[in-house]
Number of protein chains: 2
Amino acid sequence: MRPLFHPAIEDIRPDAILYALSDPERAAIFAWLAGAGCGRTCSALADLGERTIPKSSLSNHFKVLRESGLIRSERQGVEMRNETRCAELDERFPGLIRAILTAYGQLPPEMKD
Amino acid sequence: MRPLFHPAIEDIRPDAILYALSDPERAAIFAWLAGAGCGRTCSALADLGERTIPKSSLSNHFKVLRESGLIRSERQGVEMRNETRCAELDERFPGLIRAILTAYGQLPPEMKD
DNA sequence: TCCGTAGTTCAGAAATTCGGAACTGTTGAT
DNA sequence: ATCAACAGTTCCGAATTTCTGAACTACGGA
């Protein structure tokens, strides 16, 4: 398995973020991660929405989120822990993530500070 | 020519907006419109960036912006006047447009109020 | 070692995007 | 009225991207 790629904060591009979150399924995954205190695994959301997302698609969604800089993934034993990079992102792109989650009606309670 | 379609403000979807603006070329066009007091035409920016955009692509960019609800277009004689729907959009999705333009480093001076 | 689980990679089908060429609709000139 | 020029749209084939089932890899436990 190839090592996971995470862009440095300064290499994160706004177009990549918008693209990643322009898919409602990915946006829902991201919102769900943002609402989780601790890192969450991939398989935990096989059916976050109405349909069951195939696992190869799920894996790809996580890859897109990771490589756009939205999340950080780390292998832990047999599974993968994922967490958002919200704090870093908000410094680099002030207000962006919050406005997007709000637009989707998915701003998690923790972020309403 | 088919009549131009503009979604009602309540039908505008956040995923469509993010998708439309996830293309840097489209985002640049939108920012340029947002920075214009009056409506602007399509041909006026044949070479907004470094490369010359083919006119069929340009036409398509405007269509994507229009149908996602970001701009309003109106035929005026032989040309087309385009203007952003920023005010409406900001009511529906507070802070979104501004955060996106800021992320791209293209927030026009008029919007820095 | 062998099995089960979590997730990745591969590959072909389907869908989307891109852009040149032809077309439409409007204005102004002859 | 006819013609030409112009702004923009539509069409359509090529290239690219997305989707997902199937095969595969990696790790942990028995």
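Order of the sequence lines fixes the chain letters, A, B, ..., with proteins taken first and strands second; residue numbering starts at 1 for each chain. Please read these numbers as outputs of a predicted model, since none were measured by experiment.
When the shell of 6.0 Å around CD of B:Glu10 is examined, it contains more than 12 heavy atoms from other residues, nucleotides or ligands.
Side chains of B:Ser22 and A:Asp15: no donor on one and acceptor on the other come within 3.5 Å.
Within the structure, every side-chain polar atom (N or O) of B:Arg81 is placed at least 4.0 Å from both OP1 and OP2 of D:dA7.
The separation between A:Phe62 atom CZ and D:dT18 atom C1' is 18 Å, rounded to whole Å. For B:Asp15 and D:dT18, the CG to P distance is 15 Å, given to the nearest whole Å. Taking atom CG on B:Asp23 and atom P on D:dT16, their separation rounds to 16 Å, with Å as the unit. Rounded to whole Å, the distance from OH on A:Tyr19 to P on D:dT17 is 10 Å. The distance from atom CG of B:Asn60 to atom P of D:dT9 is 10 Å, rounded to the nearest whole Å. Atoms CD (A:Glu25) and P (D:dT18) sit 14 Å apart, rounded to a whole Å. When rounded to the nearest whole Å, the span between NE2 of A:His61 and P of C:dT8 equals 13 Å. With rounding to whole Å, A:Ile53 atom CD1 is found 16 Å from D:dT18 atom P.
At a threshold of 4.0 Å, the pair A:Glu88-A:Arg72 counts as salt-bridged, since one of the basic side-chain nitrogens sits closer than that to a carboxylate oxygen.
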Give the intermediate values and the outcome of side-chain contact (heavy atoms from CB on, under 4.5 Å) for residues B:Leu96 and B:Arg98. CA-CA 5 Å; B:Leu96 183 62; B:Arg98 156 153 344 193; over 6 Å; no
Take B:Glu74 and B:Met80 through the side-chain contact (heavy atoms from CB on, under 4.5 Å) test and state the conclusion after the steps. CA-CA 6 Å; B:Glu74 189 185 354; B:Met80 200 76 110; over 6 Å; no
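Among D:dG8, C:dC18, C:dG7, the nucleotide with an atom closest to any side-chain atom of B:Glu79 is D:dG8.
Here the options are A:Arg75, A:Gln76, A:Arg81, the test is side-chain hydrogen bond (donor to acceptor under 3.5 Å, both in side chains), and the partner is A:Glu79; only A:Arg81 passes.
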Per-nucleotide protein contact along nucleotides 20-29 of chain C, 5' to 3', at a 4.0 Å heavy-atom cut-off (B base, S sugar-phosphate only, - neither), is BB--SBBS--
